[in-house]
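Here the structure comes first, spelled out in structure tokens, and everything after it is commentary.
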Amino acid sequence: MLEKVSVNNLNNFITVHAKNLSHATHLIIDLTCLNDSDSEIVSSVNMLKKVYPNMRIIVLADDDSIRDDNKDLLRRISEKGVFDIITLL
């Protein structure tokens, strides 16, 4: 079953609803829609990977996310075990 949840604060969503995601096998995170800081995004991804180690997390990143000054966020996300990163140019 596919369910779309539109939020602009990933950290708040994960903190409040993490226990309700047990049925989910995949989660797509679109970085262009978030108001979270880089640290909050990484922390949220880390929490999800700890609670649901088998959940496949897919990150959508735009051109701004892959510029040299922003590559640190994508590196930090990949260090948490998320390797499905799709760039939208």
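Residue E40 holds its CD atom at 12.0 Å from CD1 of I14, rounded to the nearest 0.5 Å. Here the CZ-CG distance, from R75 to D38, works out to 11.0 Å after rounding to the nearest 0.5 Å.
Remark: N46 engages K50, K80 in a side-chain contact (heavy atoms from CB on, under 4.5 Å) (not counting sequence neighbours). When the side-chain contact (heavy atoms from CB on, under 4.5 Å) test is applied to Y52, the partners found at least two apart in sequence or on another chain are L21, S22, L48, M55. Contacts of I58 classified as side-chain contact (heavy atoms from CB on, under 4.5 Å), with partners at least two apart in sequence or in another chain: H26, I28, R56, D84, I86. When the side-chain hydrogen bond (donor to acceptor under 3.5 Å, both in side chains) test is applied to N9, no partner is found at least two apart in sequence or on another chain. For N12, there are no side-chain hydrogen bond (donor to acceptor under 3.5 Å, both in side chains) partners two or more places apart in sequence or in a different chain.
Using modelled atom types, no side-chain atom of D62 and backbone atom of T32 make a donor-acceptor pair closer than 3.5 Å. Using modelled atom types, one side-chain atom of D36 and one backbone atom of N11 make a donor-acceptor pair closer than 3.5 Å.
V51 and L10 fall within a single hydrophobic cluster, where Ile, Leu, Val, Met, Phe, Trp and Tyr are joined by side-chain heavy atoms under 4.5 Å apart, directly or via other members.
Using a 4.5 Å heavy-atom cutoff, the side chains of L73 and L31 are in contact. Side-chain atoms of L34 and I41, non-hydrogen and from C-beta on, do get closer than 4.5 Å to each other.
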